[in-house]
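Contents: one structure, followed by commentary.
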There are 2 protein chains.
Amino acid sequence: MAATIRDVARLAGVSASTVSRALSLPGMVNAATRARVAAAVEQLGYEPNRAARGLITGRTGTIGLVVPDLANPFFASVTKGVQARARRHDVAVFVADTDEDPAAEAGLVRALSKQVDGVILCSPRASSDELAAIAQDTTVVLVNRAAEGIPGVTYDNEGGMRQAVAHLVALGHHRIAWVGGPATSWSTQHRGLGLRNAVEELRATLAPVGNFAPTYEGGMAAADQVIATGATAVVAYNDLVAIGLLARLHARGLAVPGDLSVVGVDDIAMSSMARPALTTVRLPKQEAGRIAVELLLTMLDDPESAATSAGTHGGLHGELHGELIVRDSTGPAPHTEKGALA
Amino acid sequence: MAATIRDVARLAGVSASTVSRALSLPGMVNAATRARVAAAVEQLGYEPNRAARGLITGRTGTIGLVVPDLANPFFASVTKGVQARARRHDVAVFVADTDEDPAAEAGLVRALSKQVDGVILCSPRASSDELAAIAQDTTVVLVNRAAEGIPGVTYDNEGGMRQAVAHLVALGHHRIAWVGGPATSWSTQHRGLGLRNAVEELRATLAPVGNFAPTYEGGMAAADQVIATGATAVVAYNDLVAIGLLARLHARGLAVPGDLSVVGVDDIAMSSMARPALTTVRLPKQEAGRIAVELLLTMLDDPESAATSAGTHGGLHGELHGELIVRDSTGPAPHTEKGALA
DNA sequence: GTTGAGTTTGCAATCGGTTGCAGGTTATGT
DNA sequence: ACATAACCTGCAACCGATTGCAAACTCAAC
């Protein structure tokens with residue numbers, strides 16, 4: 001069995017309390033005894049039992065991460081970031097995948113919350129009210145969504161969309177289609193908003209074609225409606241949707257970017273492998289995970305100050321910026337005024 | 001604060017021990033008291049503290065999962081499977097990503113092992129000796145690798161490769177190139193072996209082009225060497241490599257499958273989105289994760305019998321079979337005898 | 001040689017559960 | 001009515017740490 005604090009104490013000829021202090025409050029113990037304890041720790045390969053410590057300190061040294069779908073590269077990246085940063089802080093991460101089921105979300109968080117110090121909710125599907133309820137009795141950080149009174153890290157969707165539109169307008173596009181994700185999604189709403197602002201400002205027009213699943217299939221489903229709008233460019237909710245569009249457009253015999261330019265959002269690995277390689281707004285995914293961890297740990301270490309510190313909605317908040325990555329799926333607008341089907 | 005067992009005891013008018021038994025050994029307590037306890041539990045929303053329980057039972061109810069790279073869709077899927085199955089058993093999962101660093105692996109496992117009941121090692125990079133050392137003081141299950149005396153779940157690489165070769169031979173291919181992954185990888189070795197056996201049996205010839213990184217870039221790097229072999233078909237270590245091949249072959253002006261047929265392994269989501277859609281040997285990834293969990297929990301519940309039970313290498317073992325998924329990247333061999341560059 | 005302050009250390013309680021053992025109750029058999 | 005067994009339940013110890021409190025010790029100053 002693993003060595004306990006008492007084993008160390010016996011070997012060092014001191015009491016368990018002294019060992020405990022030698023490790024956590026070195027200033028409180030004599031240098032000589034501290035050395036003896038250190039030697040005993042070394043010899044026994046002692047490592048404090050976290051569960052036992054957690055019992056008395058009330059801190060488990062563990063955080064939870066809830067994502068809708070690990071198989072989605074976007075969430076896999078966020079998870080990677082969370083996990084890496086947590087390790088630096090010597091904190092372990094419980095990962096739970098809701099399988100895109102909003103109903104499962106709340107229950108999962110509740111179950112998790114008993115075992116962890118706090119929870120990172122990635123792109124929560126839950127309603128604002130549900131979120132507020134959850135945040136009531138658990139320390140929560142949101143990723144990819146803002147909610148009154150709950151800290152979180154979000155992307156500057158407006159800015160990202162503006163970059164995309166500016167790029168397209170510079171290429172001569174005037175009519176831009178928009179394939180939204182799930183209607184209830186916070187990102188969809190904000191990307192749509194950013195798009196509307198940007199086209200107005202840059203004297204273009206927007207042709208929204210509705211809401212689709214944030215998947216390859218969603219993109220395939222949207223493609224024909226995009227064509228029907230007569231737009232010469234399309235912005236997709238995310239890269240998976242954009243790649244689905246690419247596939248269906250190809251099947252319909254449209255050239256990208258010859259007939260239609262396509263822009264995605266996220267910059268997942270797949271995007272640079274697509275044919276043509278996808279122009280997209282790159283979001284720093286791992287960075288979002290890292291910041292979420294920092295936010296959460298800050299709240300845990302210092303709940304009062306964290307709650308009152310500056311930031312959107314009067315709480316801690318991080319905002320990340322997207323970066324337009326221009327690849328081969330965008331090009332000059334075709335000469336015909338009326339649309340892609342010249 | 002959360003309710004404790006004593007709160008429940010007080011409310012139900014019994015002792016803490018009775019509450020404990022009512023919950024874990026219902027048969028030992030009177031039906032009437034059991035009902036009172038249940039009511040109190042319900043009313044207080046009581047949930048036993050896992051850390052406290054673990055302290056005395058020695059079981060944490062947590063398992064660890066170590067993967068080389070969460071951003072790789074293959075490992076993301078395995079993780080998803082592990083996580084889902086663990087939840088069913090009411091077991092939490094610590095996820096750790098080594099970032100493809102073999103050196104970090106052992107240390108990570110060691111750190112993890114203090115906090116969990118057992119560890120699932122996915123595609124370990126460590127040497128057999130290191131694995132043996134780790135398995136010495138931790139309950140370990142391997143995924144994607146077999147090692148003497150350590151339980152694990154592997155794929156029938158030989159069978160999968162045989163299916164791929166049979167498919168290609170039926171299409172008229174005689175000379176088949178093979179792009180291996182990392183030389184030290186267990187999968188590379190076994191896939192190469194399966195390939196050699198299959199070509200021999202089916203009267204074709206194999207042209208190995210060496211070892212490459214198991215990535216898109218690896219595939220790009222291998223492509224020109226593949227062309228130089230004069231083979232009319234190529235089997236890639238995995239789908240990422242195959243998609244890299246596709247990209248470079250396209251750039252070189254070769255048609256797939258017109259000039260060269262391409263087969264991958266894994267069947268990640270990206271494969272059906274590739275152009276042309278990739279023919280591949282589908283490996284049940286989530287299933288591997290699920291089985292790994294079952295194996296691990298079996299070992300934990302019953303260490304002696306598990307160790308001696310039947311299976312390869314005298315331990316528990318699961319073997320999964322691949323399934324050939326034919327898409328658009330394979331077709332009849334070109335008529336010219338000598339190669340793809342006709 | 002005392003006193004007092006400052007430094008080190010140990011005792012014992014505590015966190016929230018589980019479990020061996022003993023005591024109390026009730027049912028069963030005669 | 002009494003012995004015996006079967007069944008429930010509570011007491012108390014324990015898991016492995018942390019921490020308030022008090023005792024012990026050191027040292028300097030008076």
Side-chain angles (χ1 to χ4, degrees), chain A residues 1-41 44-62 90-92 111 113-117 300-301, chain B residues 1-41 44-62 90 92 111 113-117 301:
Chain A
M1 282 278 83
T4 76
I5 201 172
R6 268 165 265 272
D7 299 329
V8 176
R10 198 172 314 123
L11 184 58
V14 296
S15 75
S17 1
T18 301
V19 174
S20 175
R21 280 188 279 253
L23 296 175
S24 49
L25 308 156
M28 266 188 81
V29 358
N30 185 298
T33 35
R34 201 193 313 154
R36 285 217 313 288
V37 169
V41 165
L44 265 43
Y46 168 74
E47 194 122 8
N49 180 319
R50 306 244 187 163
R53 170 185 297 171
L55 204 48
I56 192 146
T57 62
R59 287 277 295 265
T60 61
T62 300
D90 203 27
V91 161
S113 68
K114 317 263 181 183
Q115 301 183 61
V116 302
D117 295 332
L300 293 170
D301 284 342
Chain B
M1 281 281 84
T4 76
I5 201 171
R6 270 165 259 271
D7 298 329
V8 176
R10 198 172 315 124
L11 184 59
V14 296
S15 75
S17 1
T18 301
V19 174
S20 175
R21 280 188 278 255
L23 295 175
S24 49
L25 308 156
M28 266 188 80
V29 2
N30 185 299
T33 35
R34 200 191 316 152
R36 284 217 313 289
V37 169
V41 165
L44 265 40
Y46 169 74
E47 193 121 8
N49 179 319
R50 305 244 186 164
R53 171 185 298 171
L55 206 47
I56 191 144
T57 61
R59 289 277 295 264
T60 61
T62 301
D90 203 26
S113 69
K114 317 264 180 182
Q115 302 183 59
V116 302
D117 296 333
D301 285 342

Quick one, B/Val19 and B/Val14 - any side-chain contact, counting heavy atoms below 4.5 Å? yes
When we call it a touch if two heavy atoms are under 4.0 Å apart, what does A/Thr33 touch: a base, just sugar-phosphate, or nothing? sugar-phosphate
Does a distance-only test, which skips hydrogens and angles, find a donor-acceptor pair under 3.5 Å between the side chain of A/Arg6 and the base of D/dA17? yes
Is the shortest heavy-atom distance from the side chain of B/Leu11 to the side chain of B/Asp7 under 4.5 Å? no
Checking B/Ser17 against B/Ser20: is there a side-chain donor and acceptor pair closer than 3.5 Å? no
Provide, to the nearest angstrom, the distance between the CG atom belonging to B/Asn30 and the P atom belonging to C/dT26. 11 Å
Looking at C/dG10, I'd like to know if its phosphate oxygens (OP1 or OP2) sit under 4.0 Å from a side-chain N or O belonging to A/Thr18. yes
Residue B/Met28, side-chain atoms from C-beta onward, closest of C/dT9, D/dG16, D/dT9: D/dT9
Does a side-chain N or O of B/Tyr46 approach OP1 or OP2 of C/dG16 to a distance below 4.0 Å, or not? no
Starting from P on C/dG16, measure out to CZ on B/Arg10 and report it in whole angstrom. 11 Å
The side chain of B/Ile56 lies closest to which of these nucleotides: C/dC15, D/dT19, C/dT18? C/dT18
Under 3.5 Å donor-acceptor pair, A/Ser17 side-chain atoms to C/dC11 base atoms: yes
Rounded to whole angstroms, how far apart are CZ on A/Arg53 and C1' on C/dT14? 16 Å
Note: for A/Leu23 and B/Gly13 on DNA chain D, the residue whose nearest nucleotide lies more 5' is B/Gly13
Answer yes or no: is there a side-chain heavy-atom contact under 4.5 Å between B/Asp301 and B/Arg59? yes
Measure from CG on A/Leu25 to C1' on D/dG20 and round the result to the nearest Å. 13 Å
Among D/dT18, D/dG16, C/dT18, find the nucleotide with the atom closest to the side chain of A/Thr4. D/dG16
Report the distance from atom CG of B/Leu55 to atom C1' of C/dG17, rounded to the nearest whole Å. 8 Å
Have a look at B/Arg50 and tell me which of B/Thr60, B/Thr57, B/Asp90 forms a side chain to side chain donor-acceptor pair (under 3.5 Å) with it. B/Asp90
Atom pair distance, as rounded to whole Å: CG in A/Asp7 and P in D/dC15: 11 Å
Under 4.0 Å between any heavy atoms, over every strand shown, what does A/Val14 touch: base, sugar-phosphate, or nothing? Just pick one. sugar-phosphate
Of D/dT18, C/dG17, C/dG10, the nucleotide closest to the side chain of A/Ser20 is D/dT18
Over how many whole Å does the gap from B/Ile5 atom CD1 to D/dA12 atom C1' extend? 15 Å
For A/Arg21, answer base if it contacts any base atom (sugar-phosphate contacts may also be present), sugar-phosphate if it contacts only those atoms, and nothing otherwise; contact means non-hydrogen atoms under 4.0 Å. base
Given atom CD of A/Gln115 and atom P of C/dG17, what is their separation to the nearest angstrom? 13 Å
